[in-house]
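Throughout, protein chains are lettered first and strands after them, A, B, ... in sequence-line order, and every chain is numbered starting at 1.
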Amino acid sequence: FNEAWKKTKVTWYPIPIGIGITFIAFQHMFRVYAREKRKKQDTSTEIRPIIIGPWQVYLIDTLPLRALSRLWGRINNEYNLPVWLREPCFKFYSWIFKCNLEEIENTDLKSYPNLGSFFYRSLKPGVRPIENAALVSPADGRVLSFGLVNNGKVEQVKGITYSLDAFLGHKRKEGKDDVIEQEKHVVTSTHIADEKEFANVNGIAYSLDALLGVDPAGATKQDSSVGEDASVRFEENGFQKELAVVTKFATPFSSAHKVREGNTLYFCVIYLAPGDYHRFHSPTNWVVEMRRHFAGELFSVSPYMLKMLPDLLVLNERVALLGRWRYGFFSMIPVGATNVGSIRIDFDKALRTNRREDLPVGTYTEVSYKKASKLLGGQPLRTGDEMGGFCLG
Amino acid sequence: STIVLVFEAPFEFRFCMKPGQKIKYGQKIGEI
(Lines give C-alpha, C1' and ligand atoms only; values in the text may rest on other atoms or scores of the structure.)
Protein backbone atom coordinates (compact mmCIF):
# COMPACT_ATOMS: atom_id res chain seq x y z
CA PHE A 1 0.00 0.00 0.00
CA ASN A 2 2.81 2.38 1.01
CA GLU A 3 4.61 1.69 -2.27
CA ALA A 4 1.50 2.12 -4.35
CA TRP A 5 0.65 5.29 -2.45
CA LYS A 6 4.09 6.78 -3.18
CA LYS A 7 4.57 5.60 -6.75
CA THR A 8 1.15 6.14 -8.30
CA LYS A 9 1.26 9.28 -10.52
CA VAL A 10 -1.46 11.85 -9.72
CA THR A 11 -3.10 13.22 -12.90
CA TRP A 12 -5.67 16.03 -12.62
CA TYR A 13 -8.58 16.14 -15.10
CA PRO A 14 -11.18 18.98 -15.31
CA ILE A 15 -14.36 16.94 -14.52
CA PRO A 16 -17.47 18.49 -16.19
CA ILE A 17 -19.05 19.98 -12.96
CA GLY A 18 -20.91 22.47 -15.11
CA ILE A 19 -22.77 19.67 -16.88
CA GLY A 20 -23.75 18.18 -13.52
CA ILE A 21 -25.10 21.49 -12.21
CA THR A 22 -26.98 22.11 -15.47
CA PHE A 23 -28.53 18.64 -15.28
CA ILE A 24 -29.69 19.20 -11.68
CA ALA A 25 -31.07 22.64 -12.59
CA PHE A 26 -33.08 21.18 -15.47
CA GLN A 27 -34.33 18.34 -13.27
CA HIS A 28 -35.51 20.83 -10.65
CA MET A 29 -37.11 23.07 -13.26
CA PHE A 30 -39.12 20.18 -14.71
CA ARG A 31 -40.23 19.16 -11.20
CA VAL A 32 -41.45 22.70 -10.41
CA TYR A 33 -43.15 22.96 -13.80
CA ALA A 34 -44.98 19.64 -13.27
CA ARG A 35 -46.07 20.71 -9.76
CA GLU A 36 -47.42 24.06 -10.96
CA LYS A 37 -49.26 22.31 -13.80
CA ARG A 38 -50.79 19.84 -11.32
CA LYS A 39 -51.85 22.72 -9.10
CA LYS A 40 -53.53 24.50 -12.05
CA GLN A 41 -55.33 21.34 -13.08
CA ASP A 42 -56.53 20.69 -9.59
CA THR A 43 -59.56 23.02 -9.76
CA SER A 44 -60.95 21.74 -6.48
CA THR A 45 -60.41 24.28 -3.80
CA GLU A 46 -59.47 21.57 -1.35
CA ILE A 47 -57.07 23.29 0.95
CA ARG A 48 -55.67 21.19 3.74
CA PRO A 49 -55.03 22.98 7.00
CA ILE A 50 -51.49 22.77 8.27
CA ILE A 51 -51.63 20.63 11.35
CA ILE A 52 -48.84 21.28 13.79
CA GLY A 53 -48.54 19.34 17.00
CA PRO A 54 -46.94 16.27 18.66
CA TRP A 55 -46.14 13.21 16.54
CA GLN A 56 -49.43 11.55 17.48
CA VAL A 57 -51.25 14.44 15.79
CA TYR A 58 -49.32 13.93 12.55
CA LEU A 59 -50.17 10.26 12.71
CA ILE A 60 -53.87 10.92 13.23
CA ASP A 61 -53.89 13.67 10.61
CA THR A 62 -52.69 11.25 7.95
CA LEU A 63 -55.78 9.10 8.50
CA PRO A 64 -58.83 9.75 6.25
CA LEU A 65 -60.93 10.55 9.32
CA ARG A 66 -64.02 11.70 7.44
CA ALA A 67 -64.04 8.65 5.19
CA LEU A 68 -63.53 6.37 8.22
CA SER A 69 -66.36 8.15 9.99
CA ARG A 70 -68.69 7.68 7.03
CA LEU A 71 -67.69 4.01 6.80
CA TRP A 72 -68.32 3.59 10.56
CA GLY A 73 -71.72 5.23 10.07
CA ARG A 74 -72.59 3.03 7.09
CA ILE A 75 -71.74 -0.12 9.06
CA ASN A 76 -73.77 0.97 12.10
CA ASN A 77 -76.73 2.63 10.45
CA GLU A 78 -77.37 0.54 7.38
CA TYR A 79 -76.60 -3.04 8.35
CA ASN A 80 -79.16 -4.43 10.79
CA LEU A 81 -77.99 -6.97 13.32
CA PRO A 82 -79.65 -10.41 13.40
CA VAL A 83 -82.26 -10.41 16.20
CA TRP A 84 -80.47 -13.05 18.29
CA LEU A 85 -77.23 -10.99 18.22
CA ARG A 86 -78.76 -7.66 19.25
CA GLU A 87 -79.12 -8.18 22.99
CA PRO A 88 -75.59 -9.55 23.60
CA CYS A 89 -74.10 -6.94 21.27
CA PHE A 90 -75.79 -3.94 22.95
CA LYS A 91 -75.14 -5.37 26.43
CA PHE A 92 -71.46 -5.74 25.53
CA TYR A 93 -71.37 -2.16 24.18
CA SER A 94 -73.10 -0.96 27.37
CA TRP A 95 -70.63 -2.85 29.54
CA ILE A 96 -67.62 -1.35 27.74
CA PHE A 97 -68.92 2.24 27.67
CA LYS A 98 -70.89 2.11 30.96
CA CYS A 99 -74.30 2.88 29.48
CA ASN A 100 -77.10 2.88 32.06
CA LEU A 101 -79.74 0.57 30.52
CA GLU A 102 -82.26 1.23 33.33
CA GLU A 103 -82.78 4.79 32.12
CA ILE A 104 -83.55 4.12 28.46
CA GLU A 105 -87.14 4.48 27.31
CA ASN A 106 -87.31 1.36 25.14
CA THR A 107 -85.72 -1.40 27.22
CA ASP A 108 -86.39 -4.12 24.64
CA LEU A 109 -82.88 -4.31 23.16
CA LYS A 110 -84.08 -6.60 20.35
CA SER A 111 -86.15 -3.75 18.96
CA TYR A 112 -83.07 -1.71 18.06
CA PRO A 113 -82.19 -2.90 14.51
CA ASN A 114 -78.60 -1.64 14.62
CA LEU A 115 -76.02 0.11 16.80
CA GLY A 116 -76.88 3.45 15.22
CA SER A 117 -80.44 3.35 16.53
CA PHE A 118 -79.28 2.08 19.93
CA PHE A 119 -76.76 4.94 20.07
CA TYR A 120 -79.55 7.44 19.41
CA ARG A 121 -81.74 5.96 22.19
CA SER A 122 -84.08 8.17 24.18
CA LEU A 123 -84.45 8.31 27.95
CA LYS A 124 -87.48 7.48 30.06
CA PRO A 125 -89.54 10.59 30.80
CA GLY A 126 -88.66 11.98 34.21
CA VAL A 127 -85.22 10.40 34.63
CA ARG A 128 -83.66 13.82 34.08
CA PRO A 129 -85.55 16.43 36.12
CA ILE A 130 -84.94 19.93 34.71
CA GLU A 131 -83.68 22.10 37.55
CA ASN A 132 -85.07 25.58 37.95
CA ALA A 133 -81.93 27.57 37.10
CA ALA A 134 -80.76 30.23 34.63
CA LEU A 135 -78.67 27.63 32.78
CA VAL A 136 -78.84 23.84 32.83
CA SER A 137 -76.65 21.25 31.13
CA PRO A 138 -77.73 20.58 27.51
CA ALA A 139 -76.56 16.95 27.64
CA ASP A 140 -75.07 14.18 29.74
CA GLY A 141 -71.31 14.44 29.81
CA ARG A 142 -68.25 15.76 31.55
CA VAL A 143 -67.38 19.43 32.02
CA LEU A 144 -64.07 20.00 30.22
CA SER A 145 -63.68 23.69 30.86
CA PHE A 146 -65.72 26.80 31.48
CA GLY A 147 -65.08 30.41 32.32
CA LEU A 148 -65.03 33.95 31.11
CA VAL A 149 -64.22 35.06 27.61
CA ASN A 150 -61.63 37.73 28.43
CA ASN A 151 -61.50 40.20 25.52
CA GLY A 152 -62.10 37.34 23.15
CA LYS A 153 -59.80 34.79 24.78
CA VAL A 154 -61.08 31.49 26.01
CA GLU A 155 -59.22 29.36 28.50
CA GLN A 156 -58.92 25.92 26.91
CA VAL A 157 -57.91 22.79 28.76
CA LYS A 158 -54.66 23.15 30.75
CA GLY A 159 -54.31 26.85 30.43
CA ILE A 160 -53.96 27.06 26.68
CA THR A 161 -56.01 30.06 25.72
CA TYR A 162 -58.19 30.58 22.75
CA SER A 163 -59.22 34.04 21.87
CA LEU A 164 -62.65 33.37 20.52
CA ASP A 165 -62.38 35.84 17.71
CA ALA A 166 -60.29 33.63 15.45
CA PHE A 167 -62.51 30.72 16.39
CA LEU A 168 -64.77 31.99 13.62
CA GLY A 169 -62.29 31.78 10.81
CA HIS A 170 -60.66 35.20 10.82
CA LYS A 171 -57.46 35.45 8.80
CA ARG A 172 -54.48 35.68 11.09
CA LYS A 173 -51.38 37.81 10.84
CA GLU A 174 -48.21 35.77 11.37
CA GLY A 175 -48.30 35.25 15.08
CA LYS A 176 -45.63 36.49 17.41
CA ASP A 177 -45.82 34.00 20.24
CA ASP A 178 -48.90 32.32 21.56
CA VAL A 179 -51.40 35.10 21.12
CA ILE A 180 -51.93 36.00 17.50
CA GLU A 181 -53.38 39.43 16.85
CA GLN A 182 -56.57 39.08 14.88
CA GLU A 183 -56.68 41.03 11.68
CA LYS A 184 -60.16 42.32 11.01
CA HIS A 185 -60.68 40.04 8.08
CA VAL A 186 -64.21 39.45 7.01
CA VAL A 187 -64.81 35.88 6.02
CA THR A 188 -67.14 35.13 3.14
CA SER A 189 -69.73 32.61 4.16
CA THR A 190 -68.26 29.97 1.89
CA HIS A 191 -64.80 31.07 2.66
CA ILE A 192 -61.98 28.96 1.30
CA ALA A 193 -59.41 29.33 3.99
CA ASP A 194 -55.82 30.00 3.05
CA GLU A 195 -53.38 27.31 3.94
CA LYS A 196 -52.00 29.53 6.67
CA GLU A 197 -55.40 30.40 7.98
CA PHE A 198 -56.04 27.16 9.74
CA ALA A 199 -52.46 26.55 10.65
CA ASN A 200 -52.96 24.75 13.85
CA VAL A 201 -50.16 25.76 16.13
CA ASN A 202 -50.40 24.61 19.71
CA GLY A 203 -51.44 27.41 21.93
CA ILE A 204 -52.44 29.63 19.02
CA ALA A 205 -55.05 32.12 20.12
CA TYR A 206 -58.43 31.28 18.73
CA SER A 207 -61.40 33.49 18.91
CA LEU A 208 -65.10 33.42 18.92
CA ASP A 209 -65.22 34.44 15.28
CA ALA A 210 -63.62 31.16 14.35
CA LEU A 211 -66.28 29.31 16.22
CA LEU A 212 -69.39 31.10 15.12
CA GLY A 213 -68.64 32.58 11.73
CA VAL A 214 -68.57 36.26 10.84
CA ASP A 215 -70.24 38.50 8.44
CA PRO A 216 -69.05 37.95 4.83
CA ALA A 217 -68.05 40.95 2.77
CA GLY A 218 -69.45 41.92 -0.53
CA ALA A 219 -72.04 39.24 -0.91
CA THR A 220 -75.56 40.12 -1.66
CA LYS A 221 -78.13 39.46 0.99
CA GLN A 222 -80.32 36.49 0.29
CA ASP A 223 -83.52 35.96 2.08
CA SER A 224 -84.25 32.31 2.60
CA SER A 225 -85.37 30.22 5.47
CA VAL A 226 -84.25 26.77 6.44
CA GLY A 227 -83.83 24.42 3.53
CA GLU A 228 -84.12 26.95 0.73
CA ASP A 229 -80.59 27.06 -0.62
CA ALA A 230 -79.74 30.29 -2.30
CA SER A 231 -76.34 30.76 -3.81
CA VAL A 232 -74.31 33.43 -5.48
CA ARG A 233 -71.62 32.45 -7.99
CA PHE A 234 -68.49 34.54 -8.40
CA GLU A 235 -65.03 34.24 -9.83
CA GLU A 236 -61.95 34.66 -7.67
CA ASN A 237 -58.33 33.89 -8.65
CA GLY A 238 -59.58 31.88 -11.59
CA PHE A 239 -61.75 29.70 -9.36
CA GLN A 240 -65.49 29.49 -9.76
CA LYS A 241 -66.74 29.87 -6.20
CA GLU A 242 -70.19 29.63 -4.84
CA LEU A 243 -71.41 31.59 -1.91
CA ALA A 244 -73.78 29.02 -0.49
CA VAL A 245 -76.97 29.74 1.40
CA VAL A 246 -75.98 33.15 2.49
CA THR A 247 -79.11 34.39 4.12
CA LYS A 248 -78.64 36.81 6.92
CA PHE A 249 -75.40 38.25 8.08
CA ALA A 250 -74.69 38.48 11.69
CA THR A 251 -72.35 41.34 12.14
CA PRO A 252 -68.73 40.45 12.77
CA PHE A 253 -69.05 39.02 16.21
CA SER A 254 -66.03 40.44 17.87
CA SER A 255 -66.33 43.94 16.46
CA ALA A 256 -70.02 44.65 16.17
CA HIS A 257 -71.34 42.41 18.94
CA LYS A 258 -71.31 44.77 21.83
CA VAL A 259 -71.86 43.10 25.16
CA ARG A 260 -74.43 45.03 27.16
CA GLU A 261 -73.40 47.21 30.08
CA GLY A 262 -72.84 45.03 33.17
CA ASN A 263 -72.65 41.83 31.10
CA THR A 264 -69.76 39.75 29.85
CA LEU A 265 -69.19 36.65 27.74
CA TYR A 266 -68.96 33.18 29.27
CA PHE A 267 -68.24 29.80 27.76
CA CYS A 268 -68.58 26.18 28.78
CA VAL A 269 -67.26 23.01 27.05
CA ILE A 270 -69.03 19.69 27.74
CA TYR A 271 -67.58 16.39 26.48
CA LEU A 272 -69.94 13.50 25.72
CA ALA A 273 -68.31 10.07 26.15
CA PRO A 274 -69.23 7.25 23.71
CA GLY A 275 -71.51 5.62 26.32
CA ASP A 276 -73.39 8.80 27.20
CA TYR A 277 -76.92 9.60 26.11
CA HIS A 278 -76.26 11.52 22.90
CA ARG A 279 -79.29 13.69 22.39
CA PHE A 280 -78.95 17.33 23.42
CA HIS A 281 -81.56 19.68 24.86
CA SER A 282 -82.06 23.38 25.23
CA PRO A 283 -79.95 24.66 28.16
CA THR A 284 -82.25 27.65 28.73
CA ASN A 285 -85.17 29.60 27.30
CA TRP A 286 -83.77 31.13 24.11
CA VAL A 287 -84.46 31.87 20.44
CA VAL A 288 -82.18 30.33 17.78
CA GLU A 289 -81.89 32.94 15.01
CA MET A 290 -79.49 31.16 12.66
CA ARG A 291 -77.18 28.23 12.27
CA ARG A 292 -73.76 27.99 10.66
CA HIS A 293 -72.56 24.60 9.54
CA PHE A 294 -68.75 24.35 9.39
CA ALA A 295 -67.55 21.43 7.32
CA GLY A 296 -64.36 20.25 8.90
CA GLU A 297 -62.16 17.40 10.08
CA LEU A 298 -63.39 14.76 12.47
CA PHE A 299 -60.64 14.38 15.02
CA SER A 300 -61.57 12.65 18.24
CA VAL A 301 -62.56 15.29 20.80
CA SER A 302 -61.56 13.24 23.87
CA PRO A 303 -59.83 15.21 26.65
CA TYR A 304 -56.59 13.39 25.72
CA MET A 305 -56.87 14.62 22.12
CA LEU A 306 -57.86 18.11 23.23
CA LYS A 307 -54.73 18.32 25.34
CA MET A 308 -52.58 17.24 22.40
CA LEU A 309 -54.36 19.29 19.80
CA PRO A 310 -55.82 22.22 21.75
CA ASP A 311 -57.12 24.01 18.66
CA LEU A 312 -59.23 21.04 17.78
CA LEU A 313 -62.64 22.65 18.16
CA VAL A 314 -61.86 25.02 15.30
CA LEU A 315 -60.93 22.21 12.93
CA ASN A 316 -63.76 19.79 13.59
CA GLU A 317 -67.14 19.63 11.89
CA ARG A 318 -69.58 21.68 13.92
CA VAL A 319 -72.96 23.45 13.77
CA ALA A 320 -73.02 26.85 15.48
CA LEU A 321 -76.56 27.72 16.61
CA LEU A 322 -76.65 31.47 17.24
CA GLY A 323 -79.42 33.34 18.95
CA ARG A 324 -80.34 35.31 22.01
CA TRP A 325 -81.69 34.82 25.49
CA ARG A 326 -82.94 37.26 28.13
CA TYR A 327 -79.41 38.54 28.88
CA GLY A 328 -78.26 38.99 25.27
CA PHE A 329 -76.23 36.78 22.93
CA PHE A 330 -76.49 33.00 23.29
CA SER A 331 -74.94 30.24 21.17
CA MET A 332 -74.65 26.48 21.36
CA ILE A 333 -72.14 24.66 19.20
CA PRO A 334 -72.34 20.86 18.91
CA VAL A 335 -68.93 19.68 17.62
CA GLY A 336 -68.70 16.31 15.83
CA ALA A 337 -65.98 13.68 16.31
CA THR A 338 -64.70 10.66 14.39
CA ASN A 339 -67.27 8.19 15.66
CA VAL A 340 -70.14 10.70 15.83
CA GLY A 341 -69.64 12.80 12.70
CA SER A 342 -73.34 13.48 12.19
CA ILE A 343 -75.12 16.26 14.03
CA ARG A 344 -78.93 16.29 13.85
CA ILE A 345 -81.04 19.38 14.62
CA ASP A 346 -84.70 18.45 15.04
CA PHE A 347 -86.05 21.77 13.73
CA ASP A 348 -83.68 21.91 10.76
CA LYS A 349 -84.44 19.03 8.43
CA ALA A 350 -82.25 20.54 5.70
CA LEU A 351 -79.02 20.17 7.70
CA ARG A 352 -76.69 17.42 6.49
CA THR A 353 -73.28 16.99 8.13
CA ASN A 354 -70.26 14.80 7.39
CA ARG A 355 -70.94 14.66 3.66
CA ARG A 356 -68.28 13.76 1.12
CA GLU A 357 -69.18 16.70 -1.09
CA ASP A 358 -68.92 19.26 1.72
CA LEU A 359 -66.50 22.08 1.15
CA PRO A 360 -63.19 21.65 2.94
CA VAL A 361 -62.11 23.01 6.27
CA GLY A 362 -62.54 26.73 6.67
CA THR A 363 -65.89 27.03 4.96
CA TYR A 364 -69.34 27.28 6.42
CA THR A 365 -72.88 27.74 5.21
CA GLU A 366 -75.39 29.82 7.06
CA VAL A 367 -79.15 29.48 7.32
CA SER A 368 -81.54 31.80 9.10
CA TYR A 369 -84.49 30.55 11.18
CA LYS A 370 -86.28 33.86 10.89
CA LYS A 371 -89.32 32.20 9.38
CA ALA A 372 -89.63 29.70 12.22
CA SER A 373 -91.47 32.31 14.25
CA LYS A 374 -92.41 35.73 12.80
CA LEU A 375 -92.91 37.19 16.25
CA LEU A 376 -89.60 36.07 17.74
CA GLY A 377 -87.55 36.02 14.53
CA GLY A 378 -86.18 32.57 15.18
CA GLN A 379 -86.81 29.09 16.61
CA PRO A 380 -88.03 29.49 20.22
CA LEU A 381 -86.81 26.85 22.69
CA ARG A 382 -87.65 26.32 26.35
CA THR A 383 -85.27 24.85 28.91
CA GLY A 384 -85.05 21.08 28.43
CA ASP A 385 -86.66 20.97 24.95
CA GLU A 386 -85.03 18.28 22.85
CA MET A 387 -83.02 19.97 20.06
CA GLY A 388 -81.39 17.06 18.28
CA GLY A 389 -78.42 14.82 18.82
CA PHE A 390 -75.23 13.21 17.59
CA CYS A 391 -75.48 10.14 15.37
CA LEU A 392 -72.85 7.53 14.59
CA GLY A 393 -70.83 8.10 11.42
CA SER B 1 -68.51 14.67 20.70
CA THR B 2 -68.55 18.04 22.44
CA ILE B 3 -71.01 20.84 23.05
CA VAL B 4 -69.69 24.38 23.49
CA LEU B 5 -71.89 27.08 24.99
CA VAL B 6 -70.87 30.71 24.45
CA PHE B 7 -73.24 33.25 25.94
CA GLU B 8 -73.58 36.73 27.34
CA ALA B 9 -74.67 37.10 30.97
CA PRO B 10 -74.46 39.64 33.78
CA PHE B 11 -71.31 39.79 35.94
CA GLU B 12 -73.31 38.16 38.75
CA PHE B 13 -73.57 34.93 36.74
CA ARG B 14 -71.87 32.04 38.55
CA PHE B 15 -71.06 28.54 37.29
CA CYS B 16 -71.99 25.90 39.85
CA MET B 17 -69.76 23.01 38.73
CA LYS B 18 -66.11 22.00 38.64
CA PRO B 19 -63.89 21.15 35.62
CA GLY B 20 -63.92 17.39 35.06
CA GLN B 21 -67.26 16.95 36.85
CA LYS B 22 -69.80 14.52 35.35
CA ILE B 23 -73.13 16.20 34.66
CA LYS B 24 -76.55 15.10 33.45
CA TYR B 25 -78.78 17.01 31.10
CA GLY B 26 -81.18 19.25 33.01
CA GLN B 27 -78.70 19.66 35.90
CA LYS B 28 -78.04 23.25 36.96
CA ILE B 29 -74.71 24.53 35.62
CA GLY B 30 -75.06 28.22 36.31
CA GLU B 31 -77.18 30.78 38.04
CA ILE B 32 -77.52 34.51 38.32
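Heavy atoms of B:F15 lying under 4.5 Å from chain A belong exclusively to its side chain. With a 4.5 angstrom heavy-atom cutoff, A:W286 does not touch chain B via any of its atoms. Looking at A:F390, the atoms closer than 4.5 Å to chain B (heavy atoms on both sides) all sit in the side chain, from C-beta outward. With a threshold of 4.5 angstrom between heavy atoms, A:P129 approaches chain B through N, CA, C or O but not through any side-chain atom. If you measure heavy-atom distances from A:D276 to chain B, the contacts under 4.5 Å come from the side chain alone.
Contact count against chain B (heavy-atom pairs under 4.5 Å) is highest for A:G262 among A:G262, A:G384, A:A134. Per-residue heavy-atom pair counts under 4.5 Å with chain A were compared for B:E12, B:K18, B:E31, and the maximum is reached by B:K18. Ranked by heavy-atom pairs under 4.5 Å with chain B, the first of A:C268, A:A337, A:A133 is A:C268. Interface remark: of the candidates B:A9, B:P19, B:G30, B:A9 forms the most heavy-atom pairs closer than 4.5 Å to chain A. Among the candidates A:P274, A:G147, A:A273, A:S282, the residue making the largest number of heavy-atom pairs closer than 4.5 Å to chain B is A:G147.
Aromatic rings of B:F13 and A:Y266 (six-membered ring for Trp) have centroids within the 6.0 Å cut-off, being under it.
Side chains of B:Q27 and A:S137: no donor on one and acceptor on the other come within 3.5 Å.
With sequence neighbours excluded, no residue forms a salt bridge (Lys or Arg N to Asp or Glu O under 4.0 Å) with B:K24. The ring pair (Phe, Tyr, Trp, His ring centres under 6.0 Å) search around A:W72 returns none, not counting sequence neighbours.
For the pair A:L265 and B:F7, the minimum side-chain heavy-atom distance is 4.5 Å or more. In this structure, the side chains of A:F118 and A:L392 stay at 4.5 Å or more apart for every pair of heavy atoms. For the pair A:I270/A:F146, no side-chain contact is recorded, criterion being any heavy-atom separation below 4.5 Å from C-beta on.
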